[in-house]
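Every value quoted in this text rests on a predicted model; they were computed, and no experiment measured them. The figures that follow rest on heavy atoms only: side chains count, while hydrogens, waters and symmetry mates do not. Order of listing sets the numbers, starting from 1, for every ligand and every atom in it.
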Amino acid sequence: MSPNAPLVAVLNGPNLNLLGERQPEVYGRETLDDVRRLCLQTAQGAGLQVDFRQSNHEGEIVEAIHELRHRVGGMVINAAAYTHTSVAIRDAVAVVDAPVIEVHITNIHRREAFRGHSYLSDVVDGVIAGCGTQGYTLAISRIAGLLTRS
Ligand code: CA2
């Protein structure tokens with residue numbers, strides 16, 4: 001992989017570190033490490049580098065977005081529960097110049113009503129929900145497509 005390959009950040013919000021350990025009937029059996037590997041594999045195939053992170057803290061996610069926003073060719077974000085609550089993460093995402101794709105493992109529109117609203121959806125370039133962990137690979141492929149087109 002060339003050190004000049006465009007970087008894609010994959011940011012994960014609270015409790016996603018528990019993936020595969022609890023509620024497999026909702027979130028499946030894959031762990032966050034499996035998702036990391038999936039993302040690395042997909043990115044490598046598309047000639048992209050990946051910076052994969054998870055945090056349970058809102059401010060840390062905001063700071064990660066600030067740190068990465070000038071360095072990335074694209075961003076994939078599953079803000080987890082902060083999707084439905086965080087104006088701070090929304091405001092940070094809104095100033096990322098590169099394409100941002102919002103991902104949810106589950107179909108948030110088929111769950112509790114409070115999950116149906118996202119503070120991010122109208123400031124990102126694309127939204128993928130309900131495709132399981134494949135949503136992450138779809139998002140990376142989309143970013144790769146946008147980068148080769150430009
Ligand atoms: O479907 C998604 O990806 C979500 O972003 C996941 C969030 C949820 O709050 C959103 O409404 C939808 C929850 C992530 C927590 O994941 C867990 C995994 C296993 C056990 C417990 C939580």
Hey, which atoms in ligand 1 end up nearer than 4.0 Å to a heavy atom of Ile108?
12 (C)

Within ligand 1, which atoms have a heavy atom of Thr106 less than 4.0 Å away?
1 (O), 2 (C), 12 (C)

Between Phe52 and Leu40, does a side-chain contact (heavy atoms from CB on, under 4.5 Å) hold up when you go through it step by step?
CA-CA 9 Å; Phe52 189 97; Leu40 291 176; 5.8 Å; no

Checking Glu58 against Asn56: is there a side-chain donor and acceptor pair closer than 3.5 Å?
no

Give the cluster check for Val72 versus Ile89: same hydrophobic cluster or not, with ILVMFWY residues linked at side-chain heavy-atom distances below 4.5 Å.
yes

May I ask whether Val26 and Leu16 are part of the same hydrophobic cluster, defined by side-chain heavy atoms of I, L, V, M, F, W, Y residues being less than 4.5 angstrom apart, directly or through others?
yes

What atoms in ligand 1 come closer than 4.0 Å to a heavy atom of Ala81?
9 (O)

Atom 4 (C) of ligand 1 sits nearest the protein heavy atom His104 ND1, 3.8 Å

Would a distance-only check, ignoring hydrogens and angles, find a side-chain to backbone donor-acceptor pair under 3.5 Å from His84 to Ser118?
no

Atoms of ligand 1 under 4.0 Å from any heavy atom of Gln23, numbered from 1 in the order shown, are 21 (C)

Side chain to side chain donor-acceptor pair (under 3.5 Å) pairs touching residues 37-49, sequence neighbours excluded, are Asp34-Arg37

Starting from atom 13 (C) of ligand 1, find the nearest protein heavy-atom neighbour and note its residue, name and distance.
Tyr27 OH, 3.3 Å

Heavy-atom gap Leu16 to ligand 1 smaller than 4.0 Å
yes

Considering only non-hydrogen protein atoms, determine which one is nearest to atom 8 (C) of ligand 1 and report residue, atom name and distance to 0.1 Å.
Arg115 NH1, 3.3 Å

Could you establish whether His84 and ligand 1 come within less than 4.0 Å of each other, counting only heavy atoms on the residue side?
yes

Pull out every atom of ligand 1 sitting under 4.0 Å from any heavy atom of Arg22, numbered as shown with elements.
19 (C), 20 (C)

Proximity to ligand 1 by part of Asn78, non-hydrogen separation under 4.0 Å:
side chain

Step by step, work out the side-chain hydrogen bond (donor to acceptor under 3.5 Å, both in side chains) result for Thr83 and Glu102.
CA-CA 9 Å; Thr83 304; Glu102 175 184 356; 4.8 Å; no

Can you tell me the protein heavy atom closest to atom 3 (O) of ligand 1 and the distance?
Ile105 N, 2.7 Å

Under a 3.5 Å threshold, yes or no: a donor from one side chain and an acceptor from the other, between Asn12 and Tyr136?
yes

Applying the 4.5 Å side-chain criterion to the ILVMFWY set and letting contacts propagate, would Val127 and Ile77 be lumped into a single cluster?
yes

Nearest-contact summary for atom 15 (C) of ligand 1 - protein heavy atom, Å
Asn15 CB, 3.6 Å

